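Written below as structure tokens is the structure these notes are about.
None of these values were measured; they are calculated from a predicted model. Positions are given from 1 along the sequence.
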Amino acid sequence: MTEEQVLSQKNFEIVGGREEDTDVLSEKSISFWGEVMRAFIRNKLAIVGIVILAIIAIMAIFVPILSPYDYAEQTGVYNSPPTAEFWFGTDNLGRDVFVRSWVGARISLLIGISAAIINLVVGVVYGSVSGLIGGRVDNIMMRICDILNSVPELLIIILLLVVLQQGLVPMIIALSLTGWIRMARIVRAEVMSLKAQEYVLASRTLGASAAHLIRRHLIPNAMGSIIVTMTLQIPAAIFNEAFLSYIGLGVTPPLASWGTMASEGNEAILTAPWRLLFPALLISITIFGFNAVGDGLRDALDPKLRK
């Protein structure tokens, strides 16, 4: 091969433009999700939410493992205020509130995330089918949602827990009973808008099944709204779990959750306020973290709000 046949960067020149314009062209080639991520990272409040949730998750995983005390162990030190040994103090049975708080984080996060995942699956399937089929089927399916939505959610959850008894699984089932309705409505609206697009009509003309359309075309293009809705449903489920545990319908002792700890601490609010302070503070911080992330995702997914 001769030197004339060897191509180098010098053999190529930009025609009809300036070299610095290549930076602009390269920026325009960024994918939609890449642009969303860049907008999300610029949202300082959303990053604070990510950091908060990461810290809470790490503490929930490692504190119960590394602590010298078990969450149900009675240390012999009763109603002690926070000290160097017991960072969050102890309760009336001598149990370490610090360890119990992070075991409670495990329970609350498990219930909240599990309920949100069930709501995601049920809501996406239900809303997709309703929106894609339309007509009478859509009308019947939406009327079912209206009927379920007309009854106060907490009333349904409380009645179901009374029937199913207390525990983790009944709590998750109860929180998922009506929680999927909001997801279903959002997905239905997205699907009804997307199914009129040319690429969907072309796929239907070529004989694509409803399942194929939902899986390959509709759900991927509605993913932004789905992610935001799920992110905001997790803190709602955590709050509902805390409330139900507070009134005695949550997990059974000695297992700890933030709601049960808050209920126990409320009984000693005048003599041992730290027992209520720390679980209530963790509930508030966690809900704030999820809401900050959800709001950041929602703003990043809105092209009008990207800068």
Side-chain angles (χ1 to χ4, degrees), residues 48-49 51-113 115 154-155 157-158 161-162 165-168 170-172 174-175 234-292:
V48 170
V51 172
I52 288 173
L53 295 179
I55 293 173
I56 289 175
I58 292 171
M59 296 293 283
I61 292 171
F62 292 106
V63 167
I65 297 174
L66 301 178
S67 173
Y69 302 107
D70 183 73
Y71 73 92
E73 180 181 351
Q74 298 183 14
T75 63
V77 181
Y78 304 101
N79 278 330
S80 169
T83 63
E85 182 178 4
F86 304 107
W87 290 3
F88 287 5
T90 61
D91 63 11
N92 60 319
L93 297 178
R95 298 172 298 188
D96 188 348
V97 176
F98 184 72
V99 177
R100 288 180 63 78
S101 294
W102 297 113
V103 171
R106 288 182 175 182
I107 300 301
S108 297
L109 290 174
L110 173 63
I111 291 175
I113 293 174
L154 281 176
L155 177 60
I157 294 173
I158 290 172
L161 285 175
V162 170
Q165 303 302 320
Q166 296 172 254
L168 282 176
M171 176 69 74
I172 293 171
L175 291 174
I234 294 174
I238 290 174
F239 178 81
N240 286 335
E241 182 278 326
F243 171 76
L244 293 167
S245 296
Y246 183 85
I247 62 176
L249 293 175
V251 297
T252 55
L255 195 60
S257 81
W258 288 336
T260 56
M261 292 181 65
S263 179
E264 294 168 357
N266 187 56
E267 299 174 358
I269 189 171
L270 295 179
T271 57
W274 58 87
R275 291 173 52 189
L276 174 62
L277 171 64
F278 291 112
L281 189 61
L282 287 172
I283 292 171
S284 301
I285 292 174
T286 303
I287 290 176
F288 168 79
F290 276 111
N291 285 336

>> Within the structure provided, determine whether L175 and I157 are in side-chain contact (heavy-atom separation under 4.5 Å).
In response: yes

> Who passes ring pair (Phe, Tyr, Trp, His ring centres under 6.0 Å) against F239, sequence neighbours left out?
Replying inline: none

> Just checking, is any N or O donor in the side chain of Y246 or N266 under 3.5 Å from an acceptor N or O on the other one?
Replying inline: yes

> Quick one: does R106's side chain get under 4.5 Å of S257's, heavy atoms only?
Replying inline: no

> Is E264 paired with R95 through a side-chain N to carboxylate O contact shorter than 4.0 Å?
Replying inline: yes

> Where do M171 and L249 come nearest, in terms of heavy atoms and distance?
Replying inline: CE-O, 3.6 Å

> How long is the gap from CD on Q74 to CG on D91, to the nearest 0.5 Å?
Replying inline: 8.5 Å

> Rounded to the nearest 0.5 Å, how far does CG of L109 lie from CD1 of I234?
Replying inline: 8.5 Å

>> Distance check, rounded to the nearest 0.5 Å: L277 atom CG versus I269 atom CD1?
In response: 9.5 Å

> Is R100 reaching over with its side chain to a backbone N or O of A72, donor-acceptor style, under 3.5 angstrom?
Replying inline: no

>> Please check this pair: side chain of W274 against backbone of S80, looking for a donor-acceptor N/O pair closer than 3.5 Å.
In response: yes

>> Less than 4.5 Å apart, side chain to side chain, heavy atoms only: is that true for I58 and V63?
In response: no

> What are the two closest non-hydrogen atoms of P64 and V103, and how far apart are they?
Replying inline: CG-CG2, 3.8 Å

>> If you define the side chain from C-beta out and look only at heavy atoms, does anything of L154 sit under 4.5 Å from F243?
In response: yes

> At their closest point, which heavy atom of P235 faces which heavy atom of N291, and how far apart are they?
Replying inline: CG-OD1, 3.4 Å

> Should L161 and L244 count as side-chain neighbours, where that means a heavy-atom distance under 4.5 Å?
Replying inline: yes

> Do the non-hydrogen side-chain atoms of S101 and F88 ever get within less than 4.5 Å of each other?
Replying inline: yes

> Hey, is the main chain of V77 close enough, under 3.5 Å, to the side chain of T90 for a donor-acceptor pair?
Replying inline: yes

> Does the side-chain contact (heavy atoms from CB on, under 4.5 Å) test come out yes or no for I61 and W102, once each step is laid out?
Replying inline: CA-CA 8 Å; I61 292 171; W102 297 113; over 6 Å; no

> Distance-only, no hydrogens or angles: does the S263 side chain make a donor-acceptor pair with backbone N or O of G259 under 3.5 Å?
Replying inline: no

>> For S67 versus V99, what's the shortest heavy-atom pair and its separation?
In response: OG-CG2, 3.0 Å

> Are I52 and F290 side-chain neighbours, meaning at least one heavy-atom pair lies under 4.5 Å?
Replying inline: no

> How far does CD1 of I111 sit from CD1 of I172, to the nearest 0.5 angstrom?
Replying inline: 6.0 Å

> What's the shortest heavy-atom distance between S108 and I238, and which atoms?
Replying inline: O-CG1, 3.6 Å

> Taking all atoms of both residues into account, what is the closest heavy-atom pair of A256 and I107, and its distance?
Replying inline: O-CG1, 3.2 Å

> Judged by modelled atom types alone, do R275 and N92 share a side-chain donor-acceptor pair under 3.5 Å?
Replying inline: yes

>> Quick check on the 6.0 Å ring-centre criterion: do F98 and F278 meet it?
In response: no

>> Do V97 and F86 have side chains that approach each other closer than 4.5 Å (heavy atoms only, starting at C-beta)?
In response: no

